[in-house]
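Have a look at the structure below, then the notes.
Since this is a predicted model, take the numbers as computed values, not measurements.
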Amino acid sequence: MLPFKLIYSDAYYLPIGQHVFPAEKYRRVRDKLLAEGIAAATDFLEPQPATDQDILLVHKPEYVQKLKTGTLSPREQMELEIPYSQDLVKVFWLAAGGSILAARQALADGVGISVGGGFHHAFPDHGEGFCMIHDVAVAIRRLQRDDKIRTAMTVDCDVHHGNGTAAIFAGTRTASAPLPSAGASTLDPLLRSFASPGKMRGAHAGDVFTISLHQHNNYPMWKPPSSIDVDLPDGVGDDDYLAWLDNALSSGLRQFEPDLLCYIAGADPYREDQLGGLSLTIEGLKKRDELVFRVARARSIPVMVTFAGGYARNVEDTVTLHCNTVIAAKEVFG
């Protein structure tokens with residue numbers, strides 16, 4: 001048995017037909033964890049959908065009404081980049097419920113993992129980039145409403161900037177000076193001559209501190225400021241990435257004391273990802289997960305995990321990367 005719970009439902013499957021988003025990955029992650037003896041059936045909890053009241057803690061009533069009645073404009077449907085359906089709406093309500101449950105389990109066990117979620121491109125009044133509802137934001141606001149937490153930190157390691165997260169938790173920000181770099185780059189000198197250097201930008205946050213570590217030259221084009229943004233050049237590999245992440249975590253935790261850390265563990269910084277341009281290996285991504293978990297455990301900060309993106313040419317690689325996140329948590333918290 002795992003020392004924590006995995007939140008999963010067969011209904012996490014996104015009914016979107018043939019798509020670059022591998023909707024079957026959630027089931028395949030669950031099956032692999034069971035088949036390889038990493039987890040037992042008793043380690044899984046079935047979530048309930050978030051309520052409309054939960055969703056409205058983050059999203060505008062007009063947008064929620066459009067989703068529930070199927071009255072999105074053509075532009076709003078296009079921005080989603082996944083085909084709208086009433087069934088899809090139910091999946092996103094369930095994903096938000098899964099993240100709420102994972103956050104509660106994190107407070108109880110030190111870590112809670114939703115085998116799904118991490119839909120970080122959703123804004124209060126619209127969806128973008130495969131994301132209809134911001135499940136992580138809903139979980140944070142629900143736990144705050146229930147007086148379970150006061151503050152939270154999001155650590156977004158998807159290859160794409162967490163634009164919805166930054167916008168939702170913008171609060172009152174005052175720009176700060178650029179943060180120090182992670183030190184000498186290990187990028188190939190030829191590659192470095194074509195890539196802009198990595199940059200870490202900072203701004204003060206309110207009750208939620210947001211960190212986004214992402215490929216700069218990638219979706220979305222408009223990147224609203226997070227509390228800390230690490231804009232990585234194309235082609236960054238394991239060592240550089242881990243140095244930047246360590247630096248961002250250290251800087252963030254010097255400035256802010258979260259009651260909960262929400263880790264968006266995207267698999268798309270992987271070098272074989274179809275929608276990413278970074279060069280991390282499978283081993284490097286597991287080290288990334290271990291780093292986040294070790295930092296949180298050292299400071300006794302509960303961690304809620306969601307899986308977010310992963311679009312490897314071989315779906316089995318994406319499944320392995322997500323399973324490795326569970327293994328890393330087992331090794332650190334076990």
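- Atom CG of D268 and atom CG of L321 lie 9.5 Å apart (nearest 0.5 Å).
- To the nearest 0.5 Å, the span separating CG on D289 from OG1 on T325 amounts to 3.5 Å.
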Inset, instruction - Please report the C-alpha distance between V155 and L261 in whole Å, then the side-chain angles of each, then the deciding distance to 0.1 Å, and finally whether the side chain to side chain contact (heavy atoms under 4.5 Å, CB included) criterion is met. - result: CA-CA 7 Å; V155 177; L261 192 152; 3.9 Å; yes

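- Taking the six-membered ring where the residue is Trp, F21 and Y26 present tilted rings, their angle falling between 30° and 60°.
- A donor-acceptor pair shorter than 3.5 Å cannot be found between the side chains of N163 and H161.
- Taking a 6.0 Å sphere around CZ of R313, one finds it holds more than 12 heavy atoms contributed by other residues, nucleotides or ligands.
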Inset, instruction - Starting from the C-alpha separation in whole Å, work towards a yes-or-no answer on side chain to side chain contact (heavy atoms under 4.5 Å, CB included) for V159 and Y270. - result: CA-CA 9 Å; V159 78; Y270 179 48; over 6 Å; no

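- H214 and D158 share no side-chain donor-acceptor pair at under 3.5 Å.
- Applying the 6.0 Å contact sphere to CD of E257 captures no more than 12 heavy atoms from other residues, nucleotides or ligands.
- Electrostatic pairing of E290 and K286 counts as a salt bridge here, judged by a charged N lying under 4.0 Å from a carboxylate O.
- Between D146 and R104 there is a salt bridge, since a side-chain N of the basic residue sits under 4.0 Å from a carboxylate O of the acidic one.
- In this structure, the separation between NZ on K66 and CG on D125 is 8.5 Å, given to the nearest 0.5 Å.
- For D10 and R30, the salt-bridge test passes: some basic side-chain N is under 4.0 Å from an acidic carboxylate O.
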Legend entry - Step-by-step salt bridge (Lys or Arg N to Asp or Glu O under 4.0 Å) determination, R142 to D135: CA-CA 10 Å; R142 174 61 194 269; D135 57 291; over 6 Å; no

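- Rounding to the nearest 0.5 Å gives a distance of 12.0 Å between CG of N218 and CG of D231.
- Considering all non-hydrogen atoms of both residues, D54 and V138 come closest at O-CG1, 3.7 Å.
- Note: N324 CG to K32 NZ = 8.0 Å, rounded to the nearest 0.5 Å.
- For E283 and K287, the salt-bridge test fails: no basic side-chain N is under 4.0 Å from an acidic carboxylate O.
- Rounding to the nearest 0.5 Å gives a distance of 9.0 Å between CG of L14 and OG of S85.
- There is no side-chain donor-acceptor pair under 3.5 Å between S73 and Q77.
- Summarising the local packing, CD of Q48 is surrounded by 12 or fewer heavy atoms from other residues, nucleotides or ligands at distances under 6.0 Å.
- A salt bridge links K68 with D52: the distance from a Lys NZ or Arg NE/NH1/NH2 to an Asp or Glu carboxylate oxygen falls below 4.0 Å.
- Judged by distance alone, the side chains of S226 and D229 do bring a donor and an acceptor atom under 3.5 Å apart.
- Using the six-membered ring where Trp is involved, F307 and H322 have ring planes that are parallel, under 30° apart on the 30 and 60° scheme.
- Below 30°, between 30° and 60°, or above 60°: for Y63 and H59 the angle between ring planes is between 30° and 60°, a tilted geometry.
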